[in-house]
Amino acid sequence: MTISDERPTTGLWNDRALPTSVRARALLDAMTESEKIAQLGSTWPGFRPSSGDVAPMQDSFGDPESFDEAIADGLGHLTRVFGTAPVAPEAGRERLAALQEQVCAANRFRIPAIAHEECLTGFTTWQATVYPTPLAWAATWNPELVRRMAAAIGSDMAAVGVHQGLAPVLDVVRDYRWGRVEETLGEDPYLVSELGVSYVKGLQSSGVVATVKHFAGYSASRAARNHAPAAVGPREFADVILLPFEKAVVTGRVDSVMNAYNDVDGLPCGANDTLLSGLLRDRWGFEGTVVSDYWSIVFLASMHHVAADLPGAARSALHAGIDVELPHTSGYGEPLRCLRENGSVPADLLDRAVLRVLKQKARLGLLDPDWHPGQYTAPAGFDSPRNRSLARGLAEQSVTLLDNDAAVLPLVSPSSVAVIGPAADDTRCLFGCYSFPNHVLPHHPDTPMGIDAPTILDAIRQEFPDAVVRHEAGCPITGDDRNGIEAAVAAAAAADVTVLVVGDRSGMFGEGTSGEGCDVGALTLPGVQEDLVEAVLATAQRAVLVVVSGRPYAIGRHARAADATLQAFFPGEEGAVAIAGVLSGRVNPCGHLPVQIPGDAAGQPGTYLAPPLALKSDGVSNIDPTPAFPFGHGLSYTTFEIGDVDVEEAVVAVDATITVRATVSNTGDRAGTLVPQLYLTDPVASVTRPVRQLIGFTRVDLTAGESRAVEFEVHTDMTSFTGTDLRRRVEPGAITLTVAQSAGDPGSPVQVRLEGDTRGVDHTRVMTTAVTVRWD
């Protein structure tokens with residue numbers, strides 16, 4: 001590393017009074033080419049391939065360049081200073097500050113790096129709150145709570161000098177077998193969009209850049225295999241895959257986008273200028289930075305084979321619109337310098353990317369004259385009462401009561417409880433794959449977890465202090481060891497009630513049953529848990545099945561055998577207490593499924609968002625894809641009704657707003673929360689349309705016997721879709737709008753006719769249905 005003894009170069013870029021674009025351009029004009037190239041790179045301090053898998057195929061690239069070499073002339077990003085190994089908050093702050101001081105000292109403008117971290121289930125660092133996984137956020141159907149969580153995550157990160165978070169994941173689930181289902185916000189683009197924008201706004205309200213990923217098509221991979229080519233046509237790509245990203249850019253004003261690893265129709269996303277430049281920037285108006293998913297620039301040569309070598313990969317990525325290479329500088333280092341020297345990369349292409357990075361640094365305050373690495377103050381801890389309260393609220397609102405036909409729940413003063421199953425006494429079964437305990441701590445087995453996270457067994461003992469509680473694991477999460485099933489069956493037979501807890505333990509790249517690189521071929525419970533469930537349910541006097549997982553499993557037959565069934569998608573550090581609260585009735589369940597629970601013989605892939613021939617078709621196919629529990633489903637300990645559904649006008653223009661009114665009532669004997677959902681059906685269109693499509697929802701808290709009026713303001717833009725000419729349009733004709741409690745609920749439909757000529761719409765269209773609950 002060469003550190004200049006000269007006074008740092010200053011200029012217009014340090015003037016806060018000037019527009020960001022002026023400051024960034026002035027700095028760009030003052031830079032040498034080597035200084036420019038340095039702003040597009042990154043380094044991962046402390047990373048070693050032998051330290052354990054925390055990123056895909058990390059052992060295939062060898063040791064990266066030294067830190068001193070990486071920061072010569074400056075640096076674009078610092079990778080995961082907090083999220084690579086256990087480090088306490090103050091020690092992490094001090095280390096990051098010291099690294100930033102070295103970065104500043106190594107370039108004559110004293111430009112710091114952008115420090116980024118993972119934040120999918122909270123700030124991924126030791127001793128930080130582990131929130132529920134995104135699929136659990138989605139089960140809350142509560143955008144405001146997600147926004148508050150993201151703001152809290154952002155405030156913790158900002159307090160120690162972290163500038164960018166690699167979340168949220170906006171991939172729409174297309175196949176439940178995919179390992180990263182747990183990281184998503186479900187199978188409906190509208191639900192994903194609303195929750196995703198809320199996360200973006202929350203994180204960025206704290207001064208931390210959100211990074212939406214993975215752009216685009218990652219979740220549509222063939223056979224649900226990680227990194228596999230996306231099996232998706234142009235209309236599905238536009239109307240399902242792209243919608244959440246479009247809304248995050250246009251409405252959420254997200255400041256960073258990460259490319260997807262996959263290819264779409266033979267073109268890798270990392271080399272797709274039509275996607276990363278033409279659509280994202282030219283059409284949608286995105287002004288932030290595009291960062292590469294880890295090593296995805298290298299993959300253009302090593303995996304996709306659309307480049308002969310690393311320089312070719314770098315040239316393709318830069319031309320497509322990737323501005324920053326993560327997590328290390330590979331293609332955007334010496335190969336890029338050589339490309340500039342031989343003229344293969346024009347100067348304006350380099351300047352385009354550098355200018356975007358400098359603008360972002362200016363927006364973050366990193367070019368301000370008074371910025372310095374030591375200006376941050378670490379909080380007393382990253383697992384504060386505020387954080388735990390948010391984590392508890394999310395967990396409680398996410399637990400979904402699938403079935404309670406025998407009315408065994410809530411449990412009232414059980415004398416004895418058999419807690420059975422491999423997920424009952426394993427804290428890691430509560431966390432997602434990008435949580436610090438599951439992502440990093442397995443490589444540091446002597447380090448304590450750093451947070452208080454009781455197991456479900458612990459929480460049940462606390463919740464039912466007068467009951468005799470006996471635990472038997474029955475079998476492990478994985479493997480074929482059945483030796484414990486006999487003892488589990490005996491415990492269940494002797495108990496007043498059995499709580500059977502099965503599901504996943506999340507991990508990475510085959511080290512878990514769910515998570516990145518942990519794809520499955522069938523939607524049966526892992527290991528021999530199917531055998532355990534059958535044996536226990538056949539013997540137990542009363543049984544509650546609790547599934548704690550990262551994806552939906554085909555548990556329909558088990559739910560029919562159980563007296564009640566709960567689904568929890570990795571509910572985080574407060575998840576066990578939330579589940580126990582639902583079992584006792586202290587918490588009235590209000591979660592609703594963001595993904596279907598597949599039927600016994602349902603083929604994959606398949607989600608609720610499908611045209612008629614993708615659903616049950618008697619006489620056409622012997623495979624019945626009907627789910628065991630539909631999208632949007634969720635029961636309560638009270639009952640609800642939706643009635644008096646009508647529209648203000650039954651005939652409207654193709655450019656108008658439709659007001660849908662309904663009365664929602666709590667017809668039970670205790671307070672509860674209803675999630676009324678508005679579905680669109682387009683009976684006749686120029687292309688096949690989904691039988692039902694979510695276009696609005698809200699949450700309504702109702703006391704026993706209470707009724708409220710709900711109004712959905714549906715602009716006709718919400719009926720738009722991609723037509724035969726691959727342009728988005730609103731077509732005239734009849735539509736059906738149904739207010740229901742799930743996609744499988746017949747609900748209360750009303751008919752509306754759109755009149756006029758077909759109307760084209762674009763990214764400026766209305767993309768959200770406003771909902772008003774009348775309390776007077």
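Ion pairing between R392 and E573 fails under the 4.0 Å rule for side-chain N and carboxylate O. The residues E706 and R708 are annotated as salt-bridged, a charged nitrogen and a carboxylate oxygen being separated by less than 4.0 angstrom. Salt bridge present: R505 and D426 bring a charged side-chain N and a carboxylate O closer than 4.0 Å. At a threshold of 4.0 Å, the pair R461-E463 does not count as salt-bridged, since none of the basic side-chain nitrogens sits closer than that to a carboxylate oxygen. Between R551 and D519, none of the side-chain N atoms (NZ, or NE/NH1/NH2) sits under 4.0 Å from a carboxylate O, so this pair counts as no salt bridge.
Scored by the ring-ring contact (aromatic ring centres under 6.0 Å, His included) test, H214 finds Y218 as partners (sequence neighbours excluded). In terms of the ring-ring contact (aromatic ring centres under 6.0 Å, His included) criterion, Y131 has no residue partners (sequence neighbours excluded). Y553 is linked by a ring-ring contact (aromatic ring centres under 6.0 Å, His included) to nothing, counting only residues two or more places apart in sequence or in another chain.
Using cut-offs of 30° and 60° for the angle between ring planes, the W141 and F631 rings count as tilted.
Looking only at side-chain heavy atoms (C-beta outward), T663 and S665 come within less than 4.5 Å of each other. Contact of the H592 side chain with the Q677 side chain is registered, since non-hydrogen atoms from C-beta on lie closer than 4.5 Å. L593 has its side chain within reach of F569: a pair of non-hydrogen atoms, C-beta onward, lies under 4.5 Å apart. P526 is listed as a side-chain neighbour of D504, based on a closest heavy-atom distance under 4.5 Å.
Geometrically, K213 engages Y434 in a cation-pi contact defined by less than 6.0 Å to the ring centre and at most 45° from the axis.
Between the side chains of Q596 and H633, no donor-acceptor pair of N or O atoms lies under 3.5 Å.
At most 12 non-hydrogen atoms from other residues, nucleotides or ligands lie less than 6.0 angstrom from CD of E641. A 6.0 Å sphere centred on CD of E144 holds more than 12 heavy atoms belonging to other residues, nucleotides or ligands.
F431 and G572 get closest at one heavy-atom pair: CE2-C, 3.7 Å.
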